[in-house]
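Proteins come first, then strands; the chains are lettered A, B, ... in the order of their sequence lines, and each starts at number 1.
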2 protein chains.
Amino acid sequence: MQHPESLQYLGVRDDIAARIAGGEFKPGERLPSERQLQIGGGVARGTVREALFQLEAEGVIYRKDRSGWYVSPPPVVYDPTRWEGFMSYVEAQGRRPATETLSKTDIVCDGMLAEIFSRPIGSPMYWIRRRRSVDGRAVLFESIVVDASLAPGLIDHDLNGSLTSVLKSVYGIGVARNKVDMRPCALTGEEAEALRVKSGLPGLNLVRTCYDAQGRVVEFDREHWRHDSLKISVDIRVR
Amino acid sequence: MQHPESLQYLGVRDDIAARIAGGEFKPGERLPSERQLQIGGGVARGTVREALFQLEAEGVIYRKDRSGWYVSPPPVVYDPTRWEGFMSYVEAQGRRPATETLSKTDIVCDGMLAEIFSRPIGSPMYWIRRRRSVDGRAVLFESIVVDASLAPGLIDHDLNGSLTSVLKSVYGIGVARNKVDMRPCALTGEEAEALRVKSGLPGLNLVRTCYDAQGRVVEFDREHWRHDSLKISVDIRVR
DNA sequence: TCTTAGACTTGGTCTAGACCAGTGCGCTCC
DNA sequence: GGAGCGCACTGGTCTAGACCAAGTCTAAGA
């Protein structure tokens with residue numbers, strides 16, 4: 001830990017990082033295969049992989065399963081206090097956003113949701129699962145619950161755009177308050193599968209609770225982001 | 001990626017996770033050694049390590065270099081909009097905080113700082129590096145720059161407590177606005193060393209810029225957190 | 001009682017293989 | 001020109017070792 005200069009994988013890591021910084025590999029491009037990098041450096045494949053994992057943790061590169069290692073594009077900047085919807089937000093940064101609705105179903109309130117929404121157990125809710133991409137790469141998986149009594153028929157609409165704007169334009173529901181919880185996590189299970197990443201890759205878990213002007217919970221949203229795709233920027237007055 | 005049930009390391013991971021959840025190992029306690037876990041599961045040490053890395057990424061366990069793997073205590077909750085200082089914050093959650101000042105020096109504004117502080121290049125500044133711990137475990141490394149003209153003699157004070165309260169009580173400077181940038185990162189170099197973690201471990205990078213009531217930048221703070229030690233909770237009104 | 005030296009344990013690094021499953025490309029056939 | 005097939009290549013998983021450096025503990029010595 002104190003002798004980085006003597007560790008082979010750190011040498012390989014810095015080597016690859018320098019080649020990326022030097023422009024030999026550009027964002028979105030594929031790196032040489034692990035076995036090729038191995039020959040170049042005269043080290044075992046495990047050592048090369050350790051170096052690649054480090055660069056992945058730093059967000060410099062990412063992998064497509066059994067396809068190769070690629071240079072990461074810059075992350076998307078996200079200000080939870082200025083949330084105008086994913087699509088317009090990403091577009092404003094000159095990137096190409098996309099949304100896929102993976103499922104939309106009727107459910108009923110369980111105990112946890114009942115508490116969040118302050119509604120009785122068994123109340124009708126909508127449950128929506130979406131995957132969102134930037135420039136063709138899946139960066140975000142979200143699982144949304146909406147109070148069906150506030151937005152009846154919501155899931156019959158096209159939900160591949162901004163949910164916020166559908167709530168606003170169709171149902172007249174505006175979001176007045178946002179509660180956001182964030183924590184680093186590992187992407188596992190359905191999140192890892194939806195984002196097509198190896199289970200265990202670090203990510204960011206973001207839980208949003210949206211309230212309308214009357215203080216009712218409109219939307220409860222659990223988001224899982226790739227760790228290398230998001231930069232959060234908050235500007236707030238201290239209370 | 002779609003057949004988790006057939007992968008050995010996921011089996012080992014779930015095994016260990018279940019033993020932790022079942023109370024066999026409690027927060028702060030050490031797990032059996034990798035070689036012992038290996039015998040128990042009948043797998044190679046590399047496979048056991050892969051399972052441990054996954055649990056580490058999930059924040060379930062952490063490691064002390066060459067000492068062993070330990071069960072993680074719960075994370076600290078941090079609301080950047082209600083910042084009252086690390087010490088009181090952690091104490092309010094029933095934990096034991098500690099701060100070590102690693103260095104405090106006079107510096108002069110370089111180009112980047114000049115822009116942030118809106119001060120001429122060469123202006124005097126103070127540069128403070130601190131390590132902060134919860135229950136004896138280092139969780140946060142921070143590098144702070146303070147405008148020396150606003151708080152002359154600041155570094156002669158004891159800085160192992162709350163910097164905010166020193167600025168307030170000694171210099172009458174209150175923080176009125178906070179700009180916070182957050183992004184997942186890998187802990188490397190001096191951060192990794194200060195937190196005594198392996199270089200490349202995922203972490204959270206938090207950059208705070210504090211403004212006083214006149215809009216002057218008082219403090220510029222770069223924090224690196226262990227990824228498993230922090231949960232961020234923001235409650236905001238949408239603008 | 002406190003310190004110290006040394007043995008032992010632990011995780012950290014590294015090698016050199018093996019086999020598997022999914023990707024992607026080129027070739028063939030229609 | 002398009003569709004389908006097959007194979008080479010890629011990363012993913014796993015084994016079975018080796019050696020090292022730093023942490024930990026114990027027993028001897030001051």
Please state how far atom [atom1] in [X] lies from atom [atom2] in [N], giving the value in whole angstrom units.
X	N	atom1	atom2	value
B:L201	C:dG12	CG	P	11 Å
B:L7	C:dA21	CG	P	11 Å
B:R196	C:dG12	CZ	P	16 Å
B:R66	C:dG11	CZ	P	11 Å
A:I39	C:dG17	CD1	P	13 Å
B:W69	D:dG23	CH2	C1'	16 Å
A:Q8	C:dT13	CD	C1'	8 Å
A:Y62	D:dG12	OH	P	14 Å

Flag the pair [X] and [Y] as a salt bridge only when some basic side-chain nitrogen lies within less than 4.0 angstrom of an acidic carboxylate oxygen.
X	Y	answer
B:R132	B:E142	yes
A:D181	A:K179	yes
A:D65	A:R63	no
A:R13	A:E50	no
B:R137	B:D228	yes

Quick check on [N]: is either OP1 or OP2 less than 4.0 Å from any side-chain nitrogen or oxygen of [X]?
X	N	value
B:S67	D:dT24	yes
B:Y9	D:dT13	yes
B:R63	C:dG12	yes
B:K198	C:dT13	yes
A:Q36	D:dC9	no

Item to complete: Could you list by number each residue of residues 44-52 of chain A showing a heavy-atom separation from DNA chain D of less than 4.0 Å, or answer none if no residue does?
Response: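 Result for residues 44-52 of chain A: A:R45, A:R49, sorted by number.
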Worksheet item: Under a 4.0 Å heavy-atom cut-off, which of residues 24-35 of chain A touch DNA chain D?
Response: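 Those residues whose heavy atoms fall under 4.0 Å from DNA chain D, taken from residues 24-35 of chain A in numerical order, are A:S33, A:E34, A:R35.
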Fill in: Pairwise ring pair (Phe, Tyr, Trp, His ring centres under 6.0 Å) hits with a residue in residues 41-71 of chain A, at least two apart
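Every pair satisfying ring pair (Phe, Tyr, Trp, His ring centres under 6.0 Å) with a residue in residues 41-71 of chain A: A:Y62-A:Y70.
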Item to complete: Only counting residues at least two apart or in another chain, list the ones meeting side-chain contact (heavy atoms from CB on, under 4.5 Å) with B:Q36.
Response: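 By the side-chain contact (heavy atoms from CB on, under 4.5 Å) rule, B:Q36 matches B:P32, B:S33.
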Worksheet entry | Which residues share a side-chain contact (heavy atoms from CB on, under 4.5 Å) with B:Q38, sequence neighbours left out |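 Partners of B:Q38 under the side-chain contact (heavy atoms from CB on, under 4.5 Å) test: B:R35, B:R45, B:V48.
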Discussion item. Nearest heavy atom decides the nucleotide; on that basis, is A:V43 or B:F53 closer to the 5' end of DNA chain C?
Written reply: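 With A:V43 and B:F53 compared, the 5'-side residue is B:F53.
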Item to complete: List for me each residue that meets salt bridge (charged side-chain N to carboxylate O under 4.0 Å, His left out) alongside B:E190, sequence neighbours excluded, and say none if there are none.
Response: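 With sequence neighbours excluded, B:E190 shows a salt bridge (charged side-chain N to carboxylate O under 4.0 Å, His left out) to B:R129, given in chain and number order.
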Practice prompt. For B:Q38, answer base if it contacts any base atom (sugar-phosphate contacts may also be present), sugar-phosphate if it contacts only those atoms, and nothing otherwise; contact means non-hydrogen atoms under 4.0 Å.
Written response: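 No contact.
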Practice prompt. Please say which of B:E34, B:Q54, B:E56 ends up in a side-chain hydrogen bond (donor to acceptor under 3.5 Å, both in side chains) with B:R49.
Written response: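 Answer after filtering B:E34, B:Q54, B:E56: B:E34.
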